[in-house]
Amino acid sequence: MANIIKVQKGTKDILPQEISLWYKMEDNARKIFSNAGYGELRTPIFEATELFARGVGDTTDIVNKEMYTFEKSERSLTLRPENTAGVVRAFIENGMHRLSAPVKLWYKGPMFRYERPQAGRQRQFHQVGVEMFGIKDATADAEIIELAVSYLKSLGLNDLDVEINSLGCPNCRENFKKQLREVLKPYFNDLCEDCQTRYEKNPLRLLDCKVESCKSIFEKPEVKQVIQGDFICDECSEHFEQLKTYLDALNIKYSVNKLLVRGLDYYNRTVFEIKSNNLGSQNAVCGGGRYDSLVKNLGGEDTPAIGFAMGMERLYSLMEKSPDNKLDAFVVSTDKTEALKLVKYLRDNNKKTDFDFNGKKFTKQMEKASKVAKFAVILGEDEIANNTISVKNLETSEQITINRENLLNNI
Ligand code: ATP
Ligand code: MG
């Protein structure tokens, strides 16, 4: 026998019995985001590798370890590991800065990262996200966080924690980086290999480290003092305070987590994450933040921006699974031609309908109907002879015989 070819590690089939919740995630996104003025943008799955090197940042794990990169016609291409860089490229390329601000976009689709697969972590996974361009004011930050929370609620997810932080601007960050390097210097040899590299390149990203021995260093009193200290400048601090006021006004509960720095290089000021209490260690369902310099860094007009991305597999695993809806009708008839015609008629009238393709015995067909449908629509010899039809309600077992033209009113 031929070898069986299996699905690739870290990838999955989404099966028909799972798809209704995916439809729900997509439908709710379309509804809620377009209500708030966001238009859907669909960008290509692969882009120039340089877009991610510059747009995500070459000190990030994503760019250093996780990209699916390949060459074609001497061009280096990469399967998108996230979509903010692609959205920004499209924003610039399509001259969207000329539209009146804010420009609001949303997307959904597959992303690719070469990671160690585990629960809640795949190599091909899906994200749904939004990006807003052109507004510096903290009202934009509030709208984005509010939108994320509303969307999660619409999926029935409630047991969530919103964590926020402000990374300040490049100016105030320089000072913080210096302090951080200084206080961590004595512990340099105890840091993990990745953190030793980050120490020079981007010490802020140290705080994101998930290695226990590094985390314990951040708990040392003198290190903690630097992390917990207020390093951001007056303007950044005012922006952050404004955001908190707006979130309070919108009744959104949040906590400030000073260790929250997010994995991407381009963030400034507001960063946030939404975590679920019902997922294991991969508990972040949503990550987002402000990235005011990215559009300019990628060659566009200076345009402030903010957005978020959610992992759809993680949302899926939190959503309540209800058994798929039953058929409206199962046609029971030993005359296969009549059955085919009736099935078509019911489907044409928007009734979810099926029948027995093999024309099995009447009792077998009834058994099947009671398992899969709400109503059995019965076309036996008597019914065919009298031009009538019988309808059995499979929940109450009540059965009636009616004229054919009344069928639709009775199921
Ligand atoms: P994590 O810390 O879990 O690796 P991240 O900071 O890399 O997350 P982002 O790049 O901000 O994640 O992506 C936003 C969201 O996408 C995450 O909160 C998560 O829900 C989801 N996500 C990220 N990577 C994966 C993955 N490999 N598999 C499934 N979902 C993922
Ligand atoms: Mg990651």
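Heads up: numbering here begins at 1 and tracks the sequence. Whatever order the structure lists ligands and atoms in, that order sets their numbers, starting from 1. Values below: all heavy atoms of this structure, side chains included; hydrogens, waters and symmetry mates excluded. All values derive from a computational prediction rather than experimental measurement.
In this structure, Lys224 pairs ionically with Glu219, as a charged nitrogen and a carboxylate oxygen lie closer than 4.0 Å. Glu143 has a carboxylate O that lies under 4.0 Å from a charged side-chain N of Lys104, or vice versa, which qualifies the two as a salt bridge. In this structure, Lys275 pairs ionically with Glu273, as a charged nitrogen and a carboxylate oxygen lie closer than 4.0 Å. Contact check on Arg89 versus Glu47 returns a salt bridge, with a Lys/Arg side-chain nitrogen under 4.0 Å from an Asp/Glu carboxylate oxygen.
Counting atoms of ligand 1 from 1 in the listed order, those under 4.0 Å from a heavy atom of Ala309 are 14 (C), 15 (C). Listed by atom number, the atoms of ligand 1 under 4.0 Å from Arg262 heavy atoms are 6 (O), 9 (P), 11 (O).
Distances between N or O atoms of Gln282 and those of ligand 1 include no value under 3.5 Å. Residue Ala284 places at least one N or O, backbone or side chain, under 3.5 Å from an N or O of ligand 1. Some N or O of Arg121 is nearer than 3.5 Å to an N or O of ligand 1, by distance alone. Between Met310 and ligand 1, a contact under 3.5 Å exists for no N or O pair.
When non-hydrogen atoms are compared, ligand 1 lies under 4.0 Å from neither the backbone nor the side chain of Arg123. Within the 4.0 Å heavy-atom criterion, the part of Lys210 lying near ligand 1 is the side chain and not the backbone. Here Arg314 has side-chain heavy atoms under 4.0 Å from ligand 1, and that is the only part of it that gets that close. When heavy-atom distances to ligand 1 are checked against a 4.0 Å cut-off, Val285 comes that close only through its backbone atoms N, CA, C and O. Neither the backbone nor the side chain of Glu273 has any atom closer than 4.0 Å to an atom of ligand 1 (non-hydrogen atoms only).
The residue among Gln118, Glu313, Gln127, Glu82 with a heavy atom at the shortest distance from atom 13 (O) of ligand 1 is Gln127. Taking only non-hydrogen atoms, the option from Gly311, Gly120, Pro81 nearest to atom 21 (C) of ligand 1 is Gly311. If you check each of Phe125, Tyr114, Phe308 against atom 30 (N) of ligand 1, the one with the closest non-hydrogen atom is Phe125.
Between Phe375 and Phe330, the distance from one ring center to the other does not fall under 6.0 angstrom. A centroid separation of less than 6.0 Å is found between the aromatic rings of Tyr151 and Phe33.
For Arg181, the side chain to side chain donor-acceptor pair (under 3.5 Å) criterion is met by no residue, not counting sequence neighbours.
A cation-pi arrangement is present between Lys321 and Tyr316 under the rule of less than 6.0 angstrom and at most 45 degrees off the ring axis.
Side chain to side chain, Ser276 and Asn283 fail the donor-acceptor criterion of an N or O pair below 3.5 Å.
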